[in-house]
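Just below is one structure, and these are the notes that go with it.
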Amino acid sequence: MKTQVKALVVGGGAVGTSIAYHLARAGWDDVMLLERDELTSGSTWHAAGLLPYFNMSYATTHIHDYSIKFYKTLEEETGLNAGFAVVGNLRMAQTQERMDEYMLYASTAETCGVPYEFMTPDEIKAKWPLIRTEDLKGALYHQTDGYINPADVTMAMAKGARQRGVMIERKWQADAFHWNGEAWEVTATKMVEKGGNLVPSDEQVVITAEHVVTASGNHAQRTAQMLGIKMPAIPVEHQFIVMEQDPELVKYRAEGNAEHPVIRDADAQSYVREERGGWILGVYEKNAPARFEHGVPDSFRADLFQLDLERIEDQYMAMIHRVPSCEESGLKDDFNGPICYTPDGNPLVGPAPGLDNMWLAEGFSFGITAAGGTGYYLAQMMVEGEAEIDMASLDPKRYGDWMTTEYAARKNEECYEHVYILHHPDEEREACRPLRTGPAYDRQKAAGAQFGCVNGFERPNYYGPLGAPDSFDHDARSFRRGGWWQYAHDEAQAIREGVGLVDATAFTKHRISGPGATAFLDWFTTNKLPKVGRINLTYALTAAGTTRTEYTIVRLAEDDYYLVSAGAWHAYDQDYLYKAIMEKEAEFGRINEEDVTTKWGVFAIAGPKSRDVLNELVKDADPSTVLSNKRFPWLSYRDIELGMCPVRAIRVAYTGELGWELHHPIEMQNYLWDQLVKAGEKHGMKLVGARAQNWLRQEKSYRAFGTELGRDATPVEADLPRFVDLSKDFHGKAAMEKIGVRSTCVTVLIDGPDDADPWGREALYHGDTRVGRLTSGGYSVAFGKSIGMGYVQPDLAVPGTKLQVRMFDKLWQAEIVSDSPYDPKNEVIRKDG
Ligand SMILES: Cc1cc2nc3c(=O)[nH]c(=O)nc-3n(C[C@H](O)[C@H](O)[C@H](O)COP(=O)(O)OP(=O)(O)OC[C@H]3O[C@@H](n4cnc5c(N)ncnc54)[C@H](O)[C@@H]3O)c2cc1C
C-alpha cells in the first residue's frame, strides 16, 4: 500500500468515489481512496437512485445537471451499465400555489439551461392513464432525468477512477489526521470482520497526503471530531417501500407503453416510481428522527432501521389516491435508512474551516444526484483553485462556531420534513428559534417585528401589525406579493420620504491592526485604503480573480482598521481573512486580528430627516454642526456621543439616503434603541426591516454579497471599477484582468405582473434569446414598479436596452437603466444640514 500521495479521499460512497474519479480526470495522477468497509456500504447502497433536478439553488442545479449528463457517459468509458433509466420526472401540483412554485423553480432551471415543460391534467391523463388527475392543477415535467442504480453508478465511477490510476483501498479506516505544516499525516487502521461487526485490527499505516477530502457520509460527526471542527451533518431516518406487482401496470407495460416517469406528488410528500411491475413509494414525512448525533455505532454497517409504517400512512393513502390501481398490491420490501442532512439541505462542500488543504464533501441528502457534479466542481476547486460556479452556498463555513449538535439535529429533522413543503422564497423556518438575538430583540418584537434568521441571528424582516398571531408571517408567505409586502412598501417609502431605523447588528465585524495591517490590507483588497477617519468599499478576491468578500473598511488610525462585511458570511469571511493573515504576516509584519462581531451592535438610521433625529441626541460642544458635511462628510467616520452612548458613526447608508450607521457597544443597545425611538417619534420615524432595505439598495444599484457578488464574477464584471485600484498590486489582480468581462451586472426596471415582483432567479431575454439572469429582485417605491439586478452579456449592458424577464411562465418587458436610477448624482446622500 502506498503511503505518500497527492490526494487522499476518505469514504467510498457515491460522493467520495466521484471525487477520486474527477481528481484523476483533472490530472492528479496520485490519488488514493480509503473505505473502511466495502464501496457503497454507507447510505449509497440503499438509496432509491432518483436523480431529481429540482432545486432552488443555482449552484446545486448546476451540480445536478452535471451529474445527469456525466452518468450517461459512464458506460462508454467503463463498459459498466449504471442502470440509468431516463424516464423523466413529473412534478404534480394540487394547488395554484404549487404551480407558482414550479414556475419560479422553472426560472432557476432555465438559467442553468435545464430543459422542462409544463403539462395540463388532461395531457397527463392522455399520456399516463393510470394516474388520477382530476384534482390536479398541472405539472412540471423534466424529460431528461429519471433514476439510476446507486451501487452500479458508484462501481462504474470506481472503475473509471481505477482506469485513471486511482488506488482504492477497502477495509482501511482513517482514524487520525495530523497536519505537519506541509502535508497531512493520516493514520489508517486495517478493519477486520469479527462476529458480524467490522472492528479495527492492530495493523496501522500513516499515509502522507498533500490534500485530504472527507466524504464520510453518516460518519461525519466522527470525522468532525477527529479534525477538531464542527459540521452540522447528521442523518435522519428516511423510508421507502417496494410494492408487489400491480396487474394494471403490468398490463399497461405489456401493451408496449413506456415506463412511467417518476411521479412526484409534492402536496402528498411522496414520490412513486415503477419497479418490476410494481411501484416504489418514497416519502418525506413528519417526525422522522435524527440518528447518530454522536457517531455511528460499530454494530451499524450496511444496515437499516425498522420500518415505521404508521408514520407514512398518510402518504401511503395518498399514493393509492394518485395511482388507484396499486390499492391491492401487497408490500414486498421496505427500506428505512439514515440519510444525511444539514440545516438548509445543501451539502458541505469546500475547504474545511481553519485547516489547510483539508476539503469536506459531507452532509448529502441527494448524494446520488449530487455525486457527479460535486466531484467535478470540487476537483476544479482543488486543482485549479476555483470552480467555474460559485460554490459559496455549499461552503462548510456557512455555519459558525455557535452551531451545536442539538441545533443541527433539530434543524436537520425540520429540513427533511420540509423537502416537499412549498419552498416560498420568503420562507423563514421556525425550528431552533430564537437562538441568537441582539438585546433589542424583545423591544423589536413588541413593536411588531417579524424576524428572519441570518447565520442563526434574529433580524427584523419587516414590522407587521401589533399583536399579530404567531402564524402571521407563515400566512403572509407567497410566490407573489405576500401579506408582508405592504408593510415593506411603507417602510421603504418612510426612508425615501422621512426617516427609518434598521437593525443591522448581524453584520460581520473584524478589527485588523498592528504594524503589518496597512500593507496587508492594501494587498488583500482591491480599492485604495481610506485615509484615517474615512471609509471605503472594497473587495477581497479569490486567487482566480473573482469576488470572495465585500468589505466596508473604516480606518480608525494609521494602522488600525474596522472591517464590516455581510452578516450571513461570518465564518466564511473570517476563515479567508485569518488564513491570508497567517500566510502574509512574515512578509508584512505583525497583524492583530480581532473578531468583534458580537461586541458591536449596529443601527442604521436613514432618510431625509435622519439628521434631525440624531441632532436631538448628539452631545457636542457645537451640536448644530457635529453632523454637518463640514465636520462629518459622506463616507467618513466619527466617534460621537448619542446621549450617554458612545457611537462609532459611519456616514453611509445602504438604502441610498442621507444616513448613518451607528455602531455601538452591544451592552448599550437597549439604551440607544430607546433614545432613538423616543427622538424619532417627533419626526415620524418608522422601524424598518431587511426586506425594505433590500428593495431600496437596488434603486441605488448597490450590489449585495451572495447575489450580485460572488466567486463567479470579478468586481469588474460586477461593474464596480471605481472600487478597484488598478494602479496598485493586489491579490487576484492578474487573474481578474485575465478573465476580462464575460458578463456584466446591470439594473433593470420591470413592467411585471400587478401582483408579483421578481425574486432574483429569473431568466432575462433579448428577443427570443436568453441573455442572462436576475440575481436580485423586488419592488421600487421610487419608480412604482418592479426592479431587479442581474448579469447580461456585455454587449447588451447599455442603458436603454429592452429586455424581457420570465415570470410565471410569461415574458415581461424590462429596461436596463443607468446605475443608481434613484439619485444618480448622490445628492440626497450628501445633503448638508
Ligand atoms: C432510504 C434512502 C433513499 C435515498 N434515495 C435517494 C435518491 O433517490 N436519490 C439520491 O440522490 N439520494 C438518495 N438518498 C441519499 C443518498 O443515499 C446519500 O445522499 C448518498 O448515498 C451519500 O453518499 P456519500 O458518499 O456521501 O455517503 P455514504 O454512501 O454513506 O458513503 C460514506 C462512506 O464513507 C465511509 N467512511 C466513513 N468514515 C470513514 C473513515 N473514517 N475511513 C474510511 N471510510 C470511511 C463509509 O463506510 C461509507 O462507505 C437516499 C437515502 C436513503 C437513506
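Order of listing sets the numbers, starting from 1, for every ligand and every atom in it. All residue numbers refer to positions in the sequence shown, counting from 1.
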(request) Select all protein residues for which some heavy-atom-to-ligand 1 distance is less than 4.0 Å, and list them by chain and number. (result) V10, G11, G12, G13, A14, V15, L34, E35, R36, S41, G42, S43, T44, H46, A47, A48, G49, L50, W172, Q173, A174, A215, S216, G217, H219, R222, H238, F240, G337, P338, I339, F364, S365, F366, G367, I368, T369
(message) Would the distance check show the side chain of D575 and the main-chain N or O of G354 forming a donor-acceptor pair, the cut-off being under 3.5 Å?
(response) yes
(message) Heavy-atom count check: over 12 atoms from other residues, nucleotides or ligands less than 6.0 Å from K286 NZ?
(response) no
(request) Check salt bridge (charged side-chain N to carboxylate O under 4.0 Å, His left out) between D152 and all other residues, then give those that pass, not counting sequence neighbours. (result) none
(message) Taking G13's backbone N and O only, do any of them form a donor-acceptor pair with T17's side chain (distance below 3.5 Å, no angle check)?
(response) yes
(request) Give the ring-plane orientation class for Y284 versus H238, where under 30° counts as parallel, over 60° as perpendicular and anything between as tilted. (result) parallel
(request) Give a yes-or-no answer on whether the side chains of N89 and R264 include a donor-acceptor pair shorter than 3.5 Å. (result) yes
